[in-house]
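We name chains A, B, ... by the order of the sequence lines, and we start the count at 1 in each one.
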There are 2 protein chains.
Amino acid sequence: MTVAITRFQAKISGYSGDGPGLENCPVRTVIDHIGGKWSTLILLALSEKPYRFGELRRLVPDISQRMLTQTLRDLERDGYALRTVFPTKPPSVEYRLTELGQSLFAALCGLLDWAEANYLAVKEARRSFDERNA
Amino acid sequence: MTVAITRFQAKISGYSGDGPGLENCPVRTVIDHIGGKWSTLILLALSEKPYRFGELRRLVPDISQRMLTQTLRDLERDGYALRTVFPTKPPSVEYRLTELGQSLFAALCGLLDWAEANYLAVKEARRSFDERNA
DNA sequence: CAGGATCCCAAACGATACTG
DNA sequence: CAGTATCGTTTGGGATCCTG
């Protein structure tokens, strides 16, 4: 698979040495930030339609408000989400995906589909591994 | 986008409530484990061809030997990688992707390509955000 | 309603030393 | 060579209280 060799060299190895190259690795730049516990979930929620803060809390009941705030800030900072404040009383804040966020979501869909199709195999592999190493 | 609504409801919401449903969420089961700092990198390396422990260390110079061991164990446990010990002296151990690992890698490729194509936009978004909130 | 501030814990990660 | 063991640090994340 010469293709894959090229892929790896291009995507990783060139940035793995010493010096300031690490921050310029595309894979790390992007993956590191969607690896959080909640990022993909919120991204997935917002891919549906814009939501307000409280609505997101209800959609993902087991997220703390602290982490919801922080996850939304991160998504905003990376250019994936747009935050709009409506100066009503009490205030209301809407979050929606940007074009960049929508395109990231589209790229993520393949992985989400894979997860849905194969997670049982993964769970079984874990069970089997744990049994062998008991 | 009714499609996305369906996707979200199916993939997340049903598992987000109370009870033991969370461990059965496909998205979390898979994403949580490839969200580590090194998993995708090692997966990417092994997608090229089988490697030995020391070769992987050299390919990803900034990984500690402790984390390389642990990442490889996790990949093995999830059924993505196969570990083969050759009882030579000194011993030599080869890691290669399983079918499951290769199919996960294929599903991941879309995201890796996206990262490569868009990471400059992400970096710029971050810079701009940090400037606005200085 | 949508957070900010603070405290605290657990997990992830890194560095170093040692071994079959 | 390919690990294991131990330690210390750093980060991620949860709980709680407070506010415009």
Side-chain angles (χ1 to χ4, degrees), chain A residues 16 18 22-23 25 28-29 31-43 45-46 50-78 81-96 129 133, chain B residues 16-18 22-23 25 28-29 31-43 45-46 50-78 81-96 129 132-133:
Chain A
S16 283
D18 295 328
L22 284 173
E23 288 74 44
C25 175
R28 302 193 197 206
T29 300
I31 305 286
D32 284 0
H33 280 242
I34 63 164
K37 188 170 178 181
W38 306 108
S39 303
T40 54
L41 253 49
I42 300 300
L43 202 67
L46 292 179
Y51 277 113
R52 291 174 52 188
F53 189 88
E55 294 175 318
L56 288 171
R57 274 195 88 168
R58 282 186 290 279
L59 272 179
V60 188
D62 54 342
I63 193 174
S64 68
Q65 145 258 54
R66 181 193 182 306
M67 287 316 295
L68 179 54
T69 300
Q70 186 178 307
T71 302
L72 287 168
R73 281 291 174 284
D74 290 345
L75 293 179
E76 190 191 359
R77 187 173 106 98
D78 281 9
L82 190 65
R83 177 175 180 267
T84 311
V85 182
F86 299 102
T88 55
K89 262 181 78 164
S92 118
V93 179
E94 181 200 82
Y95 294 90
R96 66 166 66 235
F129 181 91
N133 301 52
Chain B
S16 283
D18 295 327
L22 283 173
E23 288 74 44
C25 174
R28 303 193 196 205
T29 298
I31 304 285
D32 284 359
H33 279 242
I34 64 163
K37 190 171 178 181
W38 306 108
S39 303
T40 55
L41 253 47
I42 300 301
L43 202 66
L46 291 179
Y51 277 114
R52 291 175 52 190
F53 189 87
E55 294 176 318
L56 288 169
R57 272 194 90 167
R58 283 186 290 279
L59 273 178
V60 187
D62 53 340
I63 193 174
S64 69
Q65 140 263 53
R66 180 193 182 306
M67 287 315 295
L68 179 54
T69 299
Q70 187 178 305
T71 301
L72 287 168
R73 283 290 175 284
D74 290 345
L75 294 179
E76 190 191 358
R77 187 172 105 99
D78 281 10
L82 189 65
R83 177 175 180 268
T84 310
V85 183
F86 299 103
T88 56
K89 262 182 79 166
S92 119
V93 179
E94 181 201 83
Y95 294 90
R96 66 166 65 235
F129 181 90
R132 289 195 306 275
N133 301 51

Please check the phosphate of [N] (OP1 and OP2 only) for any side-chain N or O of [X] closer than 4.0 Å.
X	N	answer
B:Arg58	D:dA2	no
B:Lys37	C:dG14	yes
A:Arg66	C:dG4	no

- Message: Just verifying a value: how many Å separate B:Asp62 CG and B:Arg57 CZ, rounded to the nearest 0.5 Å?
- Response: 11.5 Å

- Nearest-0.5 Å distance that lies between atom CG in A:Leu72 and atom CG in A:Leu46: 7.0 Å

With a 4.0 Å cut-off on heavy atoms, is [X] in touch with a base, just the backbone sugar-phosphate, or nothing at all?
X	result
A:Arg57	nothing
B:Gln65	base
A:Tyr95	sugar-phosphate

I want to verify a distance call: between [options], whose nearest atom is closest to the [X] side chain?
X	options	result
B:Arg83	C:dC13, D:dA2, D:dG14	D:dA2
A:Trp38	D:dG14, D:dG3, C:dG3	D:dG14
B:Phe53	C:dG3, D:dG3, D:dG14	D:dG3
B:Met67	D:dG13, C:dG3, C:dG14	C:dG14
A:Thr69	C:dC13, C:dG4, D:dC1	C:dG4

Just the rounded figure in Å: distance from [atom2] of [N] to [atom1] of [X].
X	N	atom1	atom2	result
A:Lys89	C:dA2	NZ	P	16 Å
A:Asp32	C:dA12	CG	C1'	13 Å
A:Leu68	C:dG3	CG	C1'	10 Å
A:Arg73	D:dG12	CZ	C1'	18 Å
A:Asp62	D:dG14	CG	P	8 Å
B:Ile42	D:dA2	CD1	P	13 Å
B:Arg52	D:dG3	CZ	C1'	13 Å
A:Tyr51	C:dA2	OH	C1'	18 Å

What is the minimum heavy-atom distance between [X] and [Y], and which atoms define it?
X	Y	result
B:Phe129	A:Arg77	CD2-CG, 3.3 Å
A:His33	A:Ser39	O-OG, 3.4 Å
B:Ile34	B:Thr40	O-CG2, 3.6 Å
A:Leu68	A:Phe53	CD2-O, 3.6 Å

- Note on the structure: Nearest-nucleotide check on DNA chain D, A:Pro90 vs A:Gln70; residue mapping nearer the 5' end is A:Gln70

- DNA chain D: 5'-proximal contact among A:Ile63 and B:Val93 (nearest heavy atom):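 So the residue in question is B:Val93.
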
